[in-house]
S.K.: 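Input: one structure, supplied below.
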Amino acid sequence: MTNNIRLGRYLQSILIIGDFAVINIVYWLTCACFNVSPEFRSKLVFMAINTAFVPSVLLFSDIHKERILFADRLILQAFKSAIVYGATLLSLFYILDIFDVGWVSGMYFMGISMVFMCLWWLFSQRFLKKIRRMGLNFRRVALVGSNTSASLIRHELQGDAGYGYKILGVFDDDPVNLRNFDDFYTAPLHELREFVRLNNIDMIFYTLNADESSALRKVMEAADEMGIEFVYLPDISPSLRGHFVSSHVGSVPAMIHTVSPLNRSVNGIIKRIFDILFSLPIVALFPLWGLPIAIGIKLSSPGPVFFTQKRTGIRGKDFFCYKFRTMKVNDQADKLQATENDPRKTRFGDFLRRTSLDELPQFFNVLLGNMSVVGPRPHMVSQTIDYSRLIDKYMVRHAIKPGITGWAQVNGYRGGTKHLWQMERRVEYDVWYIHNWNFFLDIKIIFLTVFNALRPDRNAY
């Protein structure tokens with residue numbers, strides 16, 4: 001076993017100790033800063049909060065081994081860990097006949113625990129990435145195969161030096177495909193076993209067709225003999241990329257394609273409840289923000305306060321999207337996008353666009369169920385007709401409700417699209433969001449939207 005792997009195990013053990021340290025720090029902070037009951041300060045409760053955390057550690061400690069993990073997924077795991085921890089703690093209180101700790105004290109403790117654990121896990125991930133960028137705690141990788149799947153996994157593993165993967169060799173009996181991996185050591189399959197032994201390889205990624213049973217058996221034997229990790233990656237056609245769920249049809253294993261996690265009813269309900277709870281206070285305060293903006297619009301040019309436009313919504317169904325009017329009344333509003341120095345815009349309308357305040361009436365669309373707070377931005381019907389002919393997977397962005405803000409917008413693709421490639425990139429981000437939705441990704445997008453609104457954006461016009 002290499003020193004590198006031992007370092008990884010030591011780091012994971014240290015970080016798990018850090019998890020317990022966070023729980024205990026939160027316990028003492030709760031006792032010190034809040035008026036908790038005397039029973040909550042008892043040694044029995046102190047022992048219970050540490051014992052109850054063990055199941056969460058057993059179920060979620062692999063979070064410290066994950067090398068490619070985005071912040072929203074990490075927070076989701078922390079949320080799941082908090083649920084398991086809370087349920088275990090309540091069960092332990094019941095078993096130990098502890099009923100006088102006070103629910104307020106417990107809520108303080110659980111709420112702060114989750115926040116601190118999220119912060120600790122985010123910090124630990126950044127710490128591990130820094131360690132890996134220094135050349136420590138990396139994993140030595142050998143790729144078997146030089147096909148499409150090999151190219152995809154190569155791209156993923158090398159996407160960030162902080163992931164800590166080093167591809168040391170690529171093995172295939174097809175010399176033509178191997179030319180695509182000239183920046184690595186390449187060799188035929190029969191040299192793999194010796195290469196693994198001499199180079200202390202930690203992982204083998206196998207990307208060849210499983211029908212090549214002889215090659216598959218030899219590679220698995222080599223991995224077993226060396227006691228290293230073997231990962232099978234099927235050679236998937238690019239047209240099959242997307243969100244697949246492992247399942248069975250009777251006794252036959254199958255991969256079921258789902259457009260989005262939002263296809264699950266429970267996720268759709270969670271998103272709808274959040275949309276309503278988020279939008280209601282904003283709509284309730286309409287007189288405070290709506291009246292001043294309405295006065296500004298009326299003073300800037302004659303015409304209505306609101307601009308209503310038919311746009312494409314979920315499953316391609318049209319709906320009327322509400323905005324504050326930012327232009328002089330004109331005949332091209334439903335056909336022509338706004339440009340940076342568009343003469344149709346009023347001075348006050350330009351301000352509304354640059355600050356995104358013109359989008360505020362869309363919270364009424366959210367309450368009506370036409371839109372969501374977060375999702376792909378709805379486009380004019382004319383744009384949908386044009387771009388659906390030009391851009392692959394353009395209509396996939398209508399698989400869910402459109403949003404007031406979205407993943408494409410916080411990544412810099414907002415406002416007008418002068419060139420086709422800009423819309424193509426926007427669609428790529430929208431489709432990625434649809435395939436990878438989770439609740440905390442929405443929270444992240446909302447936070448980034450607010451942050452971006454506080455600084456100038458050259459694409460906002």
Side-chain angles (χ1 to χ4, degrees), residues 69-87 107 110-115 117-119 121-122 243 258-286 288-290 311-315 317 319-323 356-357 359-378 396-411 414 429-454:
L69 184 66
F70 300 107
D72 52 285
R73 296 286 180 181
L74 184 146
I75 294 172
L76 181 61
Q77 290 295 90
F79 181 72
K80 292 178 180 178
S81 174
I83 292 175
V84 171
Y85 181 41
M107 292 296 290
M110 288 306 303
I112 300 172
S113 293
M114 181 179 170
V115 172
M117 194 58 68
C118 286
L119 294 174
W121 281 1
L122 287 168
H243 188 79
T258 57
V259 176
S260 173
L262 286 169
N263 285 14
R264 294 179 59 192
S265 297
V266 63
N267 289 335
I269 292 170
I270 290 171
K271 189 170 177 67
R272 182 59 183 154
I273 290 173
F274 174 77
D275 285 342
I276 293 172
L277 293 178
F278 191 91
S279 301
L280 271 176
I282 297 173
V283 171
L285 295 172
F286 171 75
L288 295 179
W289 52 264
R311 297 198 176 187
T312 309
I314 186 171
R315 299 186 181 92
K317 296 178 181 177
F319 73 101
F320 287 102
C321 181
Y322 305 126
K323 295 182 68 174
S356 297
L357 292 175
E359 313 285 0
L360 284 175
Q362 287 166 29
F363 283 104
F364 287 97
N365 283 113
V366 174
L367 289 182
L368 290 171
N370 299 323
M371 294 179 64
S372 181
V373 175
V374 180
R377 286 292 298 151
V396 175
R397 65 193 306 279
H398 302 114
I400 64 173
K401 289 180 183 179
I404 297 175
T405 185
W407 186 235
Q409 282 64 46
V410 299
N411 280 282
R414 59 171 295 199
Y429 278 105
D430 288 338
V431 172
W432 184 92
Y433 168 81
I434 291 168
H435 287 327
N436 295 277
W437 177 89
N438 67 69
F439 177 73
F440 293 102
L441 179 58
D442 278 1
I443 300 299
K444 176 181 178 179
I445 291 171
I446 291 171
F447 172 80
L448 290 174
T449 299
V450 175
F451 177 77
N452 290 341
L454 299 177

S.K.: Does a side-chain heavy-atom distance below 4.5 Å link Phe79 with Asn438?
M.R.: no
S.K.: Does Arg315 use its side chain to pair, donor to acceptor, with the backbone of His398 at less than 3.5 Å?
M.R.: no
S.K.: Enter the distance from Ile400:CD1 to Asn267:CG here, rounded to the nearest 0.5 Å.
M.R.: 11.5 Å
S.K.: Quick one: list whatever passes side-chain contact (heavy atoms from CB on, under 4.5 Å) with Leu360, sequence neighbours left out.
M.R.: Trp289, Ile293, Phe324, Leu357, Phe363
S.K.: Stepwise, does the side-chain contact (heavy atoms from CB on, under 4.5 Å) test hold for Trp437 with Asp442?
M.R.: CA-CA 8 Å; Trp437 177 89; Asp442 278 1; 3.0 Å; yes
S.K.: Run the side-chain contact (heavy atoms from CB on, under 4.5 Å) test on Phe278 and Val374 for me, step by step, so that the C-alpha distance in whole Å, both residues' side-chain angles and the decisive distance to 0.1 Å come before the verdict.
M.R.: CA-CA 11 Å; Phe278 191 91; Val374 180; over 6 Å; no
S.K.: Measure across Ile434 and Pro376 and return the closest heavy-atom pair with its distance rounded to 0.1 Å.
M.R.: CD1-CG, 4.1 Å
S.K.: Can you name the closest pair of heavy atoms from Ile445 and Val410 and give their distance?
M.R.: O-CG1, 3.6 Å
S.K.: Between Phe286 and Phe364, does the ring centre distance come in under 6.0 Å?
M.R.: yes
S.K.: For the OH atom of Tyr433 and the CG atom of Leu262, what is their distance to the nearest 0.5 Å?
M.R.: 6.0 Å
S.K.: What are the two closest non-hydrogen atoms of Ser279 and Val373, and how far apart are they?
M.R.: OG-CG2, 3.9 Å
S.K.: What are the two closest non-hydrogen atoms of Ile404 and Met371, and how far apart are they?
M.R.: N-CE, 3.8 Å
S.K.: Considering all heavy atoms of both residues, which atom of Gly403 and which atom of Pro378 are nearest to each other, and what is their separation?
M.R.: O-CD, 3.5 Å
S.K.: Once you round to the nearest 0.5 Å, how far does CZ of Arg311 lie from CG of Asn365?
M.R.: 9.5 Å
S.K.: Provide the closest heavy-atom pair for Lys271 versus Ser372 in the form atom of the first, atom of the second, distance.
M.R.: CE-OG, 3.1 Å
S.K.: Nearest 0.5 angstrom please: Ser265 OG to Arg272 CZ, how far?
M.R.: 15.0 Å
S.K.: So, do Tyr85 and Met117 sit near enough that their side-chain heavy atoms are less than 4.5 Å apart?
M.R.: no
S.K.: Please lay out, stage by stage, how Arg397 and Tyr429 fare under the test side-chain contact (heavy atoms from CB on, under 4.5 Å).
M.R.: CA-CA 9 Å; Arg397 65 193 306 279; Tyr429 278 105; over 6 Å; no
S.K.: Looking at residues at least two apart in the chain, or sitting in another chain, which of them share a side-chain hydrogen bond (donor to acceptor under 3.5 Å, both in side chains) with Gln77?
M.R.: none
S.K.: Measure the CG-CD distance between Asp430 and Gln409 for me, rounded to the nearest 0.5 Å.
M.R.: 6.5 Å
S.K.: Roughly how far apart are Ile75 CD1 and Leu122 CG, rounded to 0.5 Å?
M.R.: 5.5 Å
